[in-house]
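Notes to accompany the following structure.
Worth knowing before you read on, the calculation uses all heavy atoms, side chains too, and leaves out hydrogens, waters and symmetry mates. Source: prediction; values computed, not measured.
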Amino acid sequence: MKKQILDSNVFSVASTLLGFGNTAKKEEIQNTIATTLVTDLKIETRIMAVYPAITQEAFSSTMDNYRKHIEGYNFMARAENEQTIKHNLHVESFLAENYLNEVQNEFSKLFIKQNKSLPAKAYNNLVDEFCKEYGMIICRKKIQEVKYATELIFQNLLHLYNSQLMKRNEQYMKLGVTDIRPIEEFKVNSFLVTQLKRNGINSLDLCRKTVRNHRKRLEECGVFVDYCYKGQNKPVELHINTEILVVLDLKTSKLVVNGNQSVSSENGKDLPDNNENTRTFLNEYKKKENVKNIPLSDKEFPSVTSSNFSTGTPTSKEQNPTQGAGAKNTKISETQSEKLLNLILHPQELAENLADKQYSNYKPIDLRILEKEAFNGTMLKEEFRELCIQDFFKSISKIYKNSTPYSGSWKKAITLYMNYKWISFNGDSFNKANILEDITQMRWRGEWARKWFVKNEFPPLFPYDYFDMTRKTSKEVGFEYTKVKYAEHLQSKAKYAALKKKQQANAVRRKEKINHSKKCENEINRFFKKKITMPQLFDYVEKNLPADFLEKLPTMIEKKSLNMNQKAAFDDDFLKYNLSEF
């Protein structure tokens, strides 16, 4: 069988998990696992390590190198600033003794406008070239020295960089990656620097702008190199000067500097370190928006106009009597309120109609009509209350389809409801809107009572007894007991609504999980097709997918690698046979 070569982009130890090949082959495949990182950078200029970390010893060495570098930079800055002072004195004397022509004047203004934002050193180099051609007419800038405060910022940045390295190390350890690789770039977020805490207190009481200014100063002095801007909402990427940075390779337990050289503390000088270690643990910061829950005001219903209004042209007391005598009342169409008002009967007439079973097939008034009347109608609330009570008795009379109650019992039941139903404590009728809310309940309870009597073949009590408001238990067989059943109905309805809401939420989460799984699978396929690197794969999963996908990513890569290896092995075994043998 043809020897299977494992792709350098494959990070899988699946063969050791499921027993593919012999033990020696397993170890060979596991040892060949490697990581392909960004190839456009010069790897020879970067520190190489398997699991880089900035431990206390590496931190101390890095800070020693930093101080030496800053000391040399400040010495150079002071020397160059002396030359700058001499240059600026020559410019002042030249401008005092000579008159600038139009070309010199315009070119000097244009030069300053185009280059004023450059760092001092780059600006001074351009000034020297300009003055050689046009004369000593532009002053140089002073190079700012690096102050002690910048060292504190750099120490906190080192802590953040170590957190970034350790997070990536954990991901590589899960995959079993053991090949040496270039150290990754530092993603600087000024906001995280301002949020660093030590024992619950801010390590540095600075704003983001101050942190950015110190970062620019570190770039000017050469501590930070290879600056890369990725957008307004993303952290900038850069590298720490390899002559300064020292890391500890957790794989070999050795300090590593530029050129993949190990550093031993025995060969170095033991310098006293009186600086306090500022490496603190970063507490995860979560933004919490202050959301103000503004309650909605109580529902305000429009005022109901009086039924005492004029539908024709109002007459005036000063009208001509002859004109008023000859005028005739014009007939107008009935309004909806008037139609409803005509439905109200005298209680005795209603009782007799109920006793005669005239409403056995009665259809209640449409709720939409009652709603329109409640909010926009002209009926008085007492009239509306009486209309709804009579409509209820007409509907509930179906339960007496097989009984013969007398009209007197019906009359007493109607009078009972007129005296106590929808009446406030001061004897005033409820608002029409409040009555409307209760109608739905009354109709549901009446339909439940009708079905119960049909199901149990039990004759109801006479109306006055059945609608007695003191009969509230099931053994008393009164209409008031239906309130209990309506409450149970509301509970079951709310339970169903909650169950439905839960099902919808589960459906949304299920679809999101499927979508996230598809995205993760697509990115893994892109990785195996060498379209992205391992760090880019981890960054995408970390920033765009839930946290559990980042934990499962090594397992998913191993499974994908195993499938590819088994497929390749099957193809090789199959091709060695001649098809004519089958």
ask   = Salt-bridged, E219 to K216, with N to O below 4.0 Å?
value = no
query = Between the main-chain N or O of G222 and the side-chain N or O of N241, is there a donor-acceptor pair closer than 3.5 Å?
reply = yes
query = Does a donor on one side chain sit under 3.5 Å from an acceptor on the other, for Q164 and E184?
reply = yes
query = Just checking, is any N or O donor in the side chain of R509 or N506 under 3.5 Å from an acceptor N or O on the other one?
reply = yes
query = Is there a donor-acceptor pair under 3.5 Å between the side chain of N162 and the backbone N or O of L158?
reply = no
ask   = If every non-hydrogen atom of A53 is compared with every non-hydrogen atom of A58, which pair is closest and at what distance?
value = O-CB, 4.2 Å
query = Do R168 and D539 meet the salt-bridge criterion of a basic N to acidic O distance under 4.0 Å?
reply = yes
inquiry  = I want to check something: taking the side chain as every heavy atom from C-beta on, are L245 and I47 in contact at a cut-off of under 4.5 Å?
reply    = yes
request  = Please work out which of the three classes, parallel, tilted or perpendicular, describes the rings of F224 and F186, given edges at 30° and 60°.
outcome  = perpendicular
task = Go through I240 and L157 one step at a time and tell me if the side chain to side chain contact (heavy atoms under 4.5 Å, CB included) criterion holds.
result = CA-CA 10 Å; I240 300 177; L157 289 173; over 6 Å; no
remark   = Residues Y73 and C221: closest non-hydrogen pair is CE1-CA, 3.4 Å
request  = Indicate whether any N or O donor in one side chain lies under 3.5 Å from an N or O acceptor in the other, for K531 and N525.
outcome  = no
ask   = Can you list the residues that meet the side-chain hydrogen bond (donor to acceptor under 3.5 Å, both in side chains) rule with E551, with sequence neighbours excluded?
value = none
key: Heavy-atom donor-acceptor pair, S61 side chain to E57 backbone, under 3.5 Å   = yes
inquiry  = Looking at V246, is its backbone amide N or carbonyl O close enough to the side chain of T62 to form a donor-acceptor pair, meaning the two atoms are under 3.5 Å apart?
reply    = yes
message = So Q171 and P554, do their side chains get closer than 4.5 Å, heavy atoms only?
response = no
ask   = So does E151 pair up with R67, basic N to acidic O under 4.0 Å?
value = yes
message = Is the shortest side-chain heavy-atom distance between L545 and K519 below 4.5 Å?
response = yes
ask   = Within a strict 4.5 Å, meaning less than it, do heavy atoms of the P52 and R181 side chains meet?
value = yes
Test: R140 and E80 ion pair at under 4.0 Å = yes
ask   = So, S60 side chain and Q56 main chain: donor-acceptor pair closer than 3.5 Å or not?
value = no
request  = Determine, step by step, whether N65 and E243 satisfy the side chain to side chain contact (heavy atoms under 4.5 Å, CB included) criterion, reporting the C-alpha distance in whole Å, the side-chain angles of both residues, the deciding distance to 0.1 Å, and the verdict.
outcome  = CA-CA 7 Å; N65 295 338; E243 296 180 356; over 6 Å; no
ask   = N124 side chain to T84 main-chain N or O, any donor-acceptor pair under 3.5 Å?
value = no
query = Passes side chain to side chain contact (heavy atoms under 4.5 Å, CB included), L152 versus H214? Steps please.
reply = CA-CA 10 Å; L152 299 178; H214 283 281; over 6 Å; no
message = Between M63 and F154, is there a side-chain heavy-atom distance shorter than 4.5 Å?
response = yes
message = Strictly distance-based, threshold 3.5 Å: is any side-chain N or O of T150 a donor or acceptor partner for the main-chain N or O of V146?
response = no
ask   = Going from CD1 on I180 to CD1 on I183, what distance comes out if it is rounded to the nearest 0.5 angstrom?
value = 11.0 Å
query = Would K141 count as a cation-pi partner of Y123, with NZ or CZ less than 6.0 Å from the six-membered ring centre and within 45° of the ring normal?
reply = yes
inquiry  = Looking at N88 and C139, would you say the former's side chain and the latter's main chain have a donor-acceptor pair under 3.5 Å?
reply    = no
query = Is there a side-chain contact between M534 and F538, using heavy atoms and a 4.5 Å cut-off?
reply = yes
query = Does Q155 reach the side chain of F59, with side-chain heavy atoms less than 4.5 Å apart?
reply = yes
ask   = Can you check whether I138's main-chain N or O pairs, donor with acceptor, with H87's side chain at less than 3.5 Å?
value = yes
key: Candidate pair L218 and Y66, rule side chain to side chain contact (heavy atoms under 4.5 Å, CB included), full reasoning   = CA-CA 10 Å; L218 291 171; Y66 169 84; 3.8 Å; yes
Distance-minimising heavy-atom pair for N81 and I143 = OD1-N, 2.8 Å
remark   = In terms of heavy-atom contacts, V50 and N169 come closest through O-OD1, 4.3 Å
remark   = Residues F528 and M564: closest non-hydrogen pair is CD2-SD, 3.4 Å
task = Verify the ring-centre separation between Y51 and Y172: is it less than 6.0 angstrom?
result = no
inquiry  = Could you check whether any side-chain N or O of N515 sits under 3.5 Å from a backbone N or O of K511, counting only pairs where one atom can act as donor and the other as acceptor?
reply    = no
query = Going through the checks in order, is the salt bridge (charged side-chain N to carboxylate O under 4.0 Å, His left out) test met by K132 and E129?
reply = CA-CA 5 Å; K132 289 180 181 179; E129 297 178 1; over 6 Å; no
ask   = Is M166 close to L250 at the side-chain level, that is, under 4.5 Å between some pair of heavy atoms?
value = yes
note = What one should report as the nearest heavy-atom pair of L553 and V541 is CD2-CG2, 4.0 Å
query = What's the spacing between E185 CD and H239 NE2 if we round to 0.5 Å?
reply = 5.5 Å
